[in-house]
Amino acid sequence: MIEDVEFTLCGTGTSSGIPIIGCDCRVCSSDDFRDRRTRCGAALRFRDPAGDPRMILLDCPPDHREHALRLGLNRCDAIFFTHSHVDHTFGLDDVRRYNAVQRSPIEILADQPTIVAIERAFQHIFRPFDNVNPSFVASLTVQEIEPFTPVDRFGLRFEPLRLFHGRLPILGFRIEALDADGRIAADQPGPFPLAYCTDVSGIPPETWPRLEGLRTLVLDMLRPKAHPTHFTVDEAIETAGRIGAEATWFIHMSHEIRHAAVAPGLPAGMNLAWDGVRLG
């Protein structure tokens, strides 16, 4: 069984980050550290069944270098991507430092459209032979994943879940610990079972059963006003209530959500996340 589980929400903001460039609204000018939100990503640190330290990322946003330095991230064993948008992938170049530190490649896991987009955006990594000069690039291995086909890594099971980001099908992840026989452990450590569901505006019928029995839910909540590709405050609260996790943490928030104003009015068990909050 894995040990010393720590799930950190490294960034909790929307694609522009908070504060937004050129904005002096009440949230962008706030001195509440919870209102400063970098782009969304999470880090899962633990010891695998052999006792070795591991770290797995969920997405790799443009702010990943800041996240790593602030949170003391010093290795990376795998990165699970939810989708290909810039605010979730454009920190990938920075993971080359982990390669240098741990002297091993990093596995990236994503659906086929996301892999295509990442390989196109980071041709200097995936086609290094085309670089004019030899350069220090990340060493990555690529694993294609599909919704509802679980993958096991280091004593954990990651089940990709189908979600909708507007009309775009993306992935969320249900994460659970395995027992010594490679089955879902009856007694789950830390925040597990946990579902990470960012950038959501709709959940298809086939996904709802895989969101049952959660200890922890991490869920998109963009702003009060309607948006074509994200849950509003009310939609996120309604969805979280239907799922019924023991604890829900809302992420991907815009500058229209001021922590001190919104958090106190949330139902019991629901919380606004902030950058660096640790679950479990």
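Between the side chains of Thr38 and His67, a donor-acceptor pair is found at a separation under 3.5 Å. His88 and Asp199 share a side-chain donor-acceptor pair at under 3.5 Å.
The CG atom of Asp234 sits 8.0 Å away from atom CE of Met221, with the distance rounded to the nearest 0.5 Å. Here the CG atom belonging to Leu161 is positioned 6.0 Å from the SG atom belonging to Cys197, to the nearest 0.5 angstrom. A distance of 8.0 Å separates NE2 in His83 from OG1 in Thr114, rounded to the nearest 0.5 Å. Considering CD1 of Ile118 and SG of Cys60, their distance stands at 9.0 Å, rounded to 0.5 Å. Note: Phe231 CZ to Phe250 CZ = 10.0 Å, rounded to the nearest 0.5 Å. Interatomic distance, Arg75 CZ to Ser104 OG, rounded to the nearest 0.5 Å: 6.0 Å.
Annotation: Phe173 is not in aromatic contact with Phe81 [ring centroid separation under 6.0 Å not met].
Scanning both residues, Thr89 and Ser84, for their nearest heavy atoms gives OG1-O, 3.4 Å. Shown here for Pro105 and Asn99, the closest heavy-atom pair between the two residues is CA-ND2, 3.6 Å. Smallest separation of non-hydrogen atoms from Gln102 and Cys76: NE2-O, 2.6 Å. Nearest heavy atoms, Met1 versus Ala185: CE-CB, 3.3 Å. Heavy-atom minimum distance, Pro204 versus Leu163: CD-CA, 4.1 Å. Considering every non-hydrogen atom in both Gly13 and Cys40, the closest pair reads O-SG, 3.4 Å.
Residue Met270 is grouped with residue Ile257 when hydrophobic side chains (ILVMFWY) are merged at heavy-atom distances under 4.5 angstrom, including chains of intermediate members. Two different hydrophobic clusters hold Trp249 and Val262 under the rule that ILVMFWY side chains link at heavy-atom gaps under 4.5 Å. If you chain together hydrophobic residues whose side chains sit under 4.5 Å apart, Phe122 and Val86 fall into the same group. Hydrophobic clustering (ILVMFWY, side-chain heavy atoms < 4.5 Å, transitive): Phe164 and Leu219 are in distinct clusters. No chain of hydrophobic side-chain contacts below 4.5 Å, direct or via other Ile, Leu, Val, Met, Phe, Trp or Tyr residues, connects Tyr98 to Phe46.
Of the charged side-chain nitrogens involved, none lies within less than 4.0 Å of a carboxylate oxygen, so that Arg157 and Glu176 do not count as a salt-bridged pair. Ion pairing between a basic and an acidic side chain is recognised when a charged N comes within 4.0 Å of a carboxylate O; Glu206 and Arg162 show no such pairing. Checked for salt-bridge contact, Arg39 and Asp87 miss the test: no charged N lies under 4.0 Å from a carboxylate O.
Contact of the Arg70 side chain with the Asp275 side chain is registered, since non-hydrogen atoms from C-beta on lie closer than 4.5 Å. Ile145 is not listed as a side-chain neighbour of Phe158, based on a closest heavy-atom distance of 4.5 Å or more. Residues Trp274 and Leu272 form no side-chain contact, since every pair of their non-hydrogen atoms from C-beta on lies 4.5 Å or further apart. Side-chain contact between Val233 and Glu256 is absent, with no heavy atoms from C-beta onward closer than 4.5 Å. Put simply, the side chain of His255 reaches to within 4.5 Å of the side chain of Cys23, judged on heavy atoms. Here the side chains of Ile170 and His85 are not in contact, with every heavy-atom distance at 4.5 Å or above. When side chains are defined from C-beta on, Val95 counts as touching Leu140, because their heavy atoms get closer than 4.5 Å. Side-chain contact between Leu279 and Leu9 is present, with heavy atoms from C-beta onward closer than 4.5 Å.
Judged by distance alone, the side chain of Arg120 and the main-chain N or O of Gln123 form no donor-acceptor pair under 3.5 Å. Using a distance-only test at 3.5 Å, with no hydrogens or angles considered, a donor-acceptor pair links the side chain of Asn131 to the main chain of His124. Asp35 places no side-chain N or O within 3.5 Å of a backbone atom of Ser30 that could act as its donor or acceptor partner. Judged by distance alone, with hydrogens and angles left aside, the side-chain atoms of Arg174 form a donor-acceptor pair with the main-chain N or O of Glu212 at under 3.5 Å. Thr248 contributes no side-chain N or O that, together with a main-chain N or O of Ala240, makes up a donor-acceptor pair within less than 3.5 Å. With hydrogens and angles disregarded, a donor-acceptor distance shorter than 3.5 Å links the side chain of Gln188 to the backbone of Ala177. Distance alone, capped at 3.5 Å, places no donor-acceptor pair between the Arg215 side chain and the Leu194 backbone. Side chain of Trp208 to main chain of Ile203: a donor-acceptor pair is present (N/O by atom type, distance under 3.5 Å, no hydrogens or angles). In this structure, Ser254 contributes its side chain and Leu222 its backbone to a donor-acceptor pair below 3.5 Å. For the pair Asp181 (side chain) and Arg183 (backbone), a donor-acceptor distance under 3.5 Å is absent.
A side-chain hydrogen bond (donor to acceptor under 3.5 Å, both in side chains) with Thr82 is found for exactly one of Thr198, Asp59, Asp111, namely Asp59.
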Worked verdict on Thr14 versus Arg223 for side-chain contact (heavy atoms from CB on, under 4.5 Å): CA-CA 10 Å; Thr14 189; Arg223 66 187 191 187; over 6 Å; no
side-chain contact (heavy atoms from CB on, under 4.5 Å) assessment of Leu73 paired with Thr8: CA-CA 11 Å; Leu73 307 181; Thr8 304; over 6 Å; no
Evaluation steps, side-chain contact (heavy atoms from CB on, under 4.5 Å), between Tyr196 and Phe80: CA-CA 11 Å; Tyr196 186 81; Phe80 285 82; over 6 Å; no
From CA spacing to verdict: side-chain contact (heavy atoms from CB on, under 4.5 Å), Leu71, Arg45: CA-CA 11 Å; Leu71 299 170; Arg45 288 184 276 191; 4.2 Å; yes
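Shown here is Asp52, whose CG atom has more than 12 heavy atoms of other residues, nucleotides or ligands within 6.0 Å. No more than 12 heavy atoms of other residues, nucleotides or ligands shown are found within 6.0 angstrom of CD1 on Ile21. Environment of CZ in Arg97: sparse, with no more than 12 heavy atoms of neighbouring residues, nucleotides or ligands closer than 6.0 Å.
With sequence neighbours excluded, no residue satisfies side-chain hydrogen bond (donor to acceptor under 3.5 Å, both in side chains) with Arg96. Applying the side-chain hydrogen bond (donor to acceptor under 3.5 Å, both in side chains) criterion to Thr232, with sequence neighbours excluded, gives Glu235.
Residue Ile184 belongs to a hydrophobic cluster whose other members are Leu178, with links defined by side-chain heavy atoms closer than 4.5 Å.
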